Amino acid sequence: MAVFLTKESKVLVQGMTGGEGMKHTRRMLTAGTDVVGGVNPRKAGRTVDFGDREVPVFGTVAEGIEATGADVSVVFVPPAHVRAAVTEASDAGIGLAVVITEGVPVHDTVALTAYAHRNGTRVIGPNSPGLITPGQSDAGIIPADITKPGPIGLVSKSGTLTYQLMYELRDFGFSTCIGIGGDPVVGTSQIDCLGAFEDDPETRLVVLIGEIGGDAEERAAAYIRDHVSKPVVGYIAGFTAPEGRTMGHAGAIVSGSAGTAAAKKAALEAVGVRVGSTPTETARLATTLLGG
Amino acid sequence: MDLFEYQARELFDDYGVLTPRAEVTDSSKEAREIARRLGGRVVVKAQVKTGGRGKAGGVKLAADPAAAELTARQILGTDIKGHRVRSVMLAQPVDIEDEFYVSYVLDRAAGRFLAIASAEGGMDIEEVAATRPDAVARVPVDPAEGVTAAVAAKIAEAADLPMRTVDVLVRLWKVLVAEDALLVEVNPLVRTAQGQIMALDGKVTLDDNARFRHSRRADHETGAEDRLEALAAERGLNYVKLDGEVGIIGNGAGLVMSTLDVVAGCGARPANFLDIGGGASAQVMADGLRVILSDPAVKSVFVNVFGGITACDAVAEGIVRALEDVRPTRPLVVRLDGNNAARGRAVLAERAHPLVEQVATMDGAARRAADLANAA
């Protein structure tokens, strides 16, 4: 079992023929992802040779779905085109749209997530590294060779901190690792992921990686208190971030007294989540809880 | 990007939101001329991107042009909550009948914008919300619908604002959407003795991600105030200057934020945030090191890379190239892990630069960089 993505997932790549799209489609295929097609109206009808596999390019997402039964789309198109790309995928009936693109205007994200939600499409991202179910499928840019299948579910606002924790806990392995993205508004929240991990029989423990900005971690804490029976280990980045400055991720900003790392840590600890002071200590907490 | 009040006011003008007549200047002499043009009696307002100006002495009434010059001289150059006052806005005073509060803010959790409005404007809205929550209306805006006249009427009704504010509520929503703003706040929105609805102050935050579709944006950009931040911005680096002694470079915003925290936990203060991003080239690494080493406050540097997409050998090659180029005089602690880490470590070991030290773990390397900074 896994969350949101399995070996049955058939993946389309919107923006496959661009530089990043090509590089990461190759990596996804190597990781075992069933990439069934790319989408580019200007290159429809061609195929792209990735060595082991010839991947067809479709003019639209709808054509791609009709020809292949695709149910997941990974989006690499430039920021200005993300809204149209996700809207198109959602209209075509895609179940999951994973938006890797960084720099999408917030008004576009607000519009596209509301639209997709109404249409029954789950959006992960934008500004997300994607998600991986080790040993089954990798949708996005998370390296597949860090770790193996196992009992840990991971949800994170940060790509590299995800990789760091996957690496530290590589001997246990992961059910699914989800990078929800570092933007102020994202399609899938920490709460959505916690709920999915709670329902996933393979997941025995959840690692939650948060960072400054907004109140998603505080909301996650309330959700954990009421709905999550599995152990959760947390890590929060940004204790030393000054007020009012954006720290890399568009969403990572402390505004006045809101969105501080200290408040998030306190909220999580108040509901029994163990919060590590460094990524390594966080991994140690998880190790202890898993009986390692 | 936050706008200054005078910039927000210009935007309001463009969308037909009434504001008092006003002009901005960085010279007290000119302030006198402006006051004369505006009729003599003016409000002198410090232009800083922070709240609580009034309480900090940044807003004063001047009775005539001579007083305006004097007041401008007093306010210019002062420090308000860490922000230096570089310009003042002089505005015609308004006879206020009623003060309201209105804003459109991003509700991150709900993924949509929220209209916040209150008939008790002029004060600190957070305080009003805390002490008398019923006095503050919060109305979610459907992104597909936006704020139409009908929606604006609902907002006004919920907040007990006069229906004459409906037109302004619609116009402020147009500012938010058309300018790709993340925040539009007017406090106070007033009803004048003549019955006009007028914005006496304005706070606007623009979405940096939307810069590509707003050619006018460049007009608002006053550039980084910090010399090092300006240098980093020229090179397209994601850099924030901080007060400490340990220079920090890493890949990925989350990992870099975490690195600052871990260094702080070791008893040293980070000198900066610098994210070289995914798949960084040797050039980016060299540029990053150059910026960090031109900060005289830096006593040691911590390079913390977990190679996901980024290959550690490429990072190491970048460091080696930068060493030839930058010629550091302060020690570098390097931690490489993940993709091609063994090869990356070998590259640095072979170069054997006397100022470069490799430490295997993030926590250990942070400790070492902190110790080196504290010992310097």
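Below, read A as the first sequence line, B as the second, and so on, with proteins coming before strands; counting in each chain starts at 1. Computation of the quantities below employed the complete heavy-atom set of this structure, encompassing side-chain atoms and omitting hydrogens, waters and symmetry-equivalent molecules. Just so it is clear, the model here is predicted, and its values are computed rather than measured.
- Contact annotation for A/Val106: both backbone and side-chain heavy atoms come within less than 4.5 Å of a heavy atom of chain B.
- Neither the backbone nor the side chain of A/Tyr115 comes within contact range of chain B; no heavy atoms are under 4.5 Å apart.
- Relative ring orientation between A/His107 and B/Phe113 is described as parallel, the plane-to-plane angle staying below 30° on a 0-90° scale split at 30° and 60°.
- The parts of A/Gln164 that come within reach of chain B are both its backbone and its side chain, each placing non-hydrogen atoms under 4.5 angstrom from that chain.
- A donor-acceptor pair under 3.5 Å is formed between the side chain of B/Arg108 and the backbone N or O of A/Gly251.
- In this structure, chain B has heavy atoms under 4.5 Å from both the backbone and the side chain of A/Ile141.
- Contacts between residues 216-225 of chain A and chain B, defined by a heavy-atom separation under 4.5 Å, are made by A/Arg219.
- Of the listed residues B/Arg213, B/Arg112, B/Arg211, the one with more heavy-atom pairs under 4.5 angstrom with chain A than any other is B/Arg213.
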- request: Would you please test B/Met362 and A/Glu168 for side chain to side chain contact (heavy atoms under 4.5 Å, CB included) and show each step?
  value: CA-CA 11 Å; B/Met362 175 166 160; A/Glu168 303 248 14; 5.8 Å; no
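- Neither the backbone nor the side chain of B/Ala110 has a heavy atom closer than 4.5 Å to any heavy atom of chain A.
- Highest contact tally toward chain B, considering only A/Val185, A/Ile209, A/Leu161, is held by A/Leu161 [criterion: heavy-atom pairs under 4.5 Å].
- Rounded to the nearest 0.5 angstrom, A/Thr160 OG1 and B/Asp275 CG are separated by 7.0 Å.
- Below 4.5 Å, heavy atoms of chain A meet heavy atoms from B/Asn238, B/Val240, B/Leu242, all part of residues 238-246 of chain B.
- Residue with the most contacts toward chain A among B/Leu182, B/Val263, B/Asp337: B/Asp337 (heavy-atom pairs, distance under 4.5 Å).
- When B/Leu255, B/Leu176, B/Asp261 are compared by the number of non-hydrogen pairs under 4.5 Å with chain A, B/Asp261 comes out ahead.
- Between A/Ala250 and B/Asn209, the shortest heavy-atom contact is CB-ND2, 4.3 Å.
- Both the backbone and the side chain of A/Thr278 come within contact range of chain B, with heavy atoms under 4.5 Å apart.
- Minimum interatomic distance between B/Met257 and A/Met247 (heavy atoms only, all atoms of both residues): CE-O, 3.7 Å.
- At a 4.5 Å heavy-atom cutoff, the contact between A/Thr246 and chain B is made by backbone atoms alone.
- A donor-acceptor pair under 3.5 Å is absent between the side-chain atoms of B/Asp207 and the main chain of A/Pro105, judged by distance alone.
- Between chain B and the residues A/Ser158, A/Ala261, A/Gly238, A/Pro143, the largest count of heavy-atom pairs under 4.5 Å involves A/Gly238.
- Listed options B/Gly308, B/Pro143, B/Ala264 were ranked by heavy-atom pairs under 4.5 angstrom with chain A; first place goes to B/Gly308.
- For A/Ile191, no part lies under 4.5 angstrom from a heavy atom of chain B.
- Ranking A/Asp183, A/Val186, A/Thr113, A/Val104 against chain B, the residue ahead of the rest is A/Val104, based on heavy-atom pairs under 4.5 Å.
- By the neighbour-count criterion of 12 heavy atoms within 6.0 Å, atom NE2 of A/His117 is sparsely surrounded, having that number or fewer from other residues, nucleotides or ligands.
- Pairing each heavy atom of B/Leu106 with each of A/Pro184, the nearest pair is CD2-CB, 3.9 Å.
- A/Ile146 and B/Phe306 get closest at one heavy-atom pair: CD1-CE2, 4.0 Å.
- With a 4.5 Å cut-off on non-hydrogen atoms, B/Asp2 does not touch chain A at all.
- Salt bridge annotation for B/Lys81-A/Glu243: absent, with no cationic side-chain nitrogen under 4.0 angstrom from a carboxylate oxygen.
- Across all their heavy atoms, A/Tyr235 and B/Ser258 have their closest contact at OH-OG, 2.7 Å.
- When heavy atoms are compared at a cutoff of 4.5 Å, A/His24 approaches chain B solely by way of its side chain, counted from C-beta outward.
- Other residues, nucleotides and ligands contribute more than 12 heavy atoms inside 6.0 Å of the CZ atom of A/Arg27.
- Contact detail for B/Val262 and A/Pro279: the closest heavy-atom pair is CG2-CD, 4.2 Å.
- Taking the charged nitrogens against the carboxylate oxygens, B/Asp142 and A/Arg118 do have a contact shorter than 4.0 Å, which makes a salt bridge.
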